[in-house]
Amino acid sequence: MKILVCISNVPDTTTKITFSPDGKAFNTAGVQFVINPYDEYALTRAIELKEALGGSVTVLNVGEADAEPNIRKALAIGADDAIRVNLKPTDAFLVSQQIAHYAQEGGYDLILMGRESIDYNGFQVHGMVGELLGIPTIAPAIKLDVNGSTATLEREIEGGKEIIEATLPLVVSAQQPMSEPRIPNMRGIMTARTKPLKVVEPVGQEAKTSVQNYELPPAKSGVKMIAAENAGDLIKLLRNEAKVL
């Protein structure tokens, strides 16, 4: 079984976010980038399936050269080889085109990725990839098992869980608790240095969307303390200032 895992290079969740003076770009100076946490669930589950059923795991990243340390980390965790599409990922459709093109070219049985990236939280790429390839997409899944050419998946729905069976090939987006992300060991780090990492040029159309500007959310205001005997003042504040009533 050939598995393709798509990973994004995203700012660490502890990063202090700032933007360029004109608000047109994210300021990457001093920012620590990590593998998108949702993608780590997909990567770990792919490696578990490979260990149980045999096959190979290829990591694909749409990004620039600064993503390569985290691609190498994915190889150290257990992926066999990697592809980096040399393109700044500014648009979900453009990213999906790259994934679909190289997924079709590689003839993968299973395409895994996180439910969304934690920088833009778009929840779009998996559905677009499935549509471009003409194959089913299950999103988001919390459990995935494969038996022959049939995948059994579990999703959370309102009030319960849903069990789904689908025939490979298939696109799946992952979320917790599909797997427990792994930490690379020393042997994995050493072998990752020699595993293939192929850099390819982008294909397809231009981006269909662009960012007009970025803005930070309003600063949090100070806390107002209301005495217990003045409950009416609290109701006025909730209605007139917080506007939650």
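The structure presented is a predicted model; accordingly, all values stated were derived computationally and were not measured.
Around atom CD of Glu131, no more than 12 heavy atoms belonging to other residues, nucleotides or ligands sit under 6.0 Å away. The number of heavy atoms from other shown groups lying within 6.0 Å of CG (Asn147) does not exceed 12. Counted within 6.0 Å of CD on Gln104, heavy atoms from surrounding residues, nucleotides or ligands total 12 or fewer; the atom is thus considered open. The number of heavy atoms from other shown groups lying within 6.0 Å of CD (Glu229) is above 12. Within 6.0 Å of the CG atom in Leu216, the count of heavy atoms belonging to other residues, nucleotides or ligands exceeds 12.
No hydrogens or angles considered: nothing links the side chains of Asp145 and Thr152 as a donor-acceptor pair under 3.5 Å. With 3.5 Å as the limit, one finds a donor-acceptor pair spanning the side chains of Asp81 and Thr58. For the 3.5 Å distance criterion, the side chains of Asn27 and Thr18 qualify, holding a donor opposite an acceptor. In this model, a donor atom of one side chain and an acceptor atom of the other lie less than 3.5 Å apart for Arg84 and Asn86.
Put simply, CG on Asp91 and OG on Ser210 are 8.5 Å apart, with the number rounded to the nearest 0.5 Å. Atom OG1 of residue Thr13 and atom CD of residue Gln32 lie 11.0 Å apart, to the nearest 0.5 angstrom. Considering CE of Met1 and CG of Asp109, their distance stands at 7.0 Å, rounded to 0.5 Å. Put simply, OH on Tyr120 and OG1 on Thr90 are 8.0 Å apart, with the number rounded to the nearest 0.5 Å. A distance of 8.5 Å separates CG of Leu75 from OG1 of Thr191, quoted to the nearest 0.5 Å. Taking CD of Glu68 as the reference point, atom CG of Asn61 lies at 9.0 Å (rounded to 0.5 Å).
Between Ala141 and Val172, the closest heavy-atom pair is CB-CG1, 3.8 Å. Glu40 approaches Ile77 most closely through the heavy-atom pair OE2-CD1, 4.5 Å. Nearest approach of Leu43 to Ala79, heavy atoms of both residues: CD1-CB, 4.4 Å. When all heavy atoms of Lys73 and Pro184 are compared, the pair lying nearest together is CG-CG, 3.9 Å. Scanning all heavy atoms of the two residues, the minimum distance from Ala74 to Val59 falls at CB-CG2, 3.9 Å. Nearest heavy atom pair, residue Gly63 against residue Pro89, reads CA-CD, 4.1 Å.
Gln98 contributes a side-chain N or O that, together with a main-chain N or O of Val203, makes up a donor-acceptor pair within less than 3.5 Å. Put simply, the side chain of Asn230 never gets that close to the backbone of Asp233: no donor and acceptor are under 3.5 Å apart. Put simply, the side chain of Lys195 never gets that close to the backbone of Ala82: no donor and acceptor are under 3.5 Å apart. Under the 3.5 Å distance criterion, the side-chain polar atoms of Lys24 are matched with a main-chain donor or acceptor of Gln212. Judged by distance alone, with hydrogens and angles left aside, the side-chain atoms of Asp12 form no donor-acceptor pair with the main-chain N or O of Thr15 at under 3.5 Å. A donor-acceptor pair under 3.5 Å is formed between the side chain of Asn240 and the backbone N or O of Lys236.
Side-chain contact between Pro181 and Tyr41: present, with at least one pair of heavy atoms (C-beta onward) separated by less than 4.5 Å. Side-chain contact between Leu197 and Val199: present, with at least one pair of heavy atoms (C-beta onward) separated by less than 4.5 Å. Side-chain contact between Val125 and Ile99: present, with at least one pair of heavy atoms (C-beta onward) separated by less than 4.5 Å. Within the 4.5 Å cutoff, the side chain of Lys143 has no heavy atoms near those of the Arg45 side chain. Considering only heavy atoms from C-beta on, Val10 comes within 4.5 Å of Pro37 through its side chain. Side-chain contact between Phe123 and Pro140 is present, with heavy atoms from C-beta onward closer than 4.5 Å. At a threshold of 4.5 Å between non-hydrogen side-chain atoms, the residues Leu170 and Ile111 do not count as touching. Residues Val171 and Ile135 meet the side-chain proximity criterion, which asks for heavy atoms closer than 4.5 Å.
Salt bridge present: Glu154 and Lys161 bring a charged side-chain N and a carboxylate O closer than 4.0 Å. Electrostatic pairing of Glu51 and Arg182 counts as a salt bridge here, judged by a charged N lying under 4.0 Å from a carboxylate O. Salt-bridge formation is detected for the pair Asp80/Lys50: a Lys NZ or Arg NE/NH1/NH2 atom is positioned less than 4.0 Å from an Asp or Glu carboxylate oxygen.
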- [ ] Take Val129 and Leu133 through the test side chain to side chain contact (heavy atoms under 4.5 Å, CB included) and record every step on the way to the result.
- [x] CA-CA 6 Å; Val129 171; Leu133 291 172; 3.8 Å; yes

- [ ] Start with the C-alpha gap between Arg155 and Ile142, add the side-chain angles, then the distance that decides, and say whether side chain to side chain contact (heavy atoms under 4.5 Å, CB included) holds.
- [x] CA-CA 6 Å; Arg155 298 195 308 173; Ile142 61 172; 5.9 Å; no

Open item on the list: Using side chain to side chain contact (heavy atoms under 4.5 Å, CB included), reason through Leu132 and Phe93 one step at a time and then give a plain yes or no.
Closed with: CA-CA 10 Å; Leu132 288 167; Phe93 181 75; 4.3 Å; yes

Task: Audit row: Leu144, Leu49, side chain to side chain contact (heavy atoms under 4.5 Å, CB included) steps and yes/no - done: CA-CA 9 Å; Leu144 167 65; Leu49 290 171; 4.0 Å; yes

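Cluster membership for Ile35 and Leu60, using ILVMFWY side-chain heavy atoms within less than 4.5 angstrom, is not shared. Follow the hydrophobic side-chain contacts under 4.5 Å out from Leu110 and you never reach Tyr102; the two are in separate clusters. If you chain together hydrophobic residues whose side chains sit under 4.5 Å apart, Leu94 and Met113 fall into the same group. Note: the hydrophobic cluster containing Val95 does not contain Val211 (ILVMFWY, side chain heavy atoms under 4.5 Å, direct or indirect links). The hydrophobic clustering, which links ILVMFWY residues whose side-chain heavy atoms are closer than 4.5 Å, places Val146 and Val5 together.
Residue Asp39 is tested with Asn9, Ile7, Val34, Leu112 for a side chain to side chain contact (heavy atoms under 4.5 Å, CB included); the sole match is Ile7.
Between Phe26 and Phe19, the two ring planes are perpendicular [angle over 60°; tilted spans 30° to 60°].
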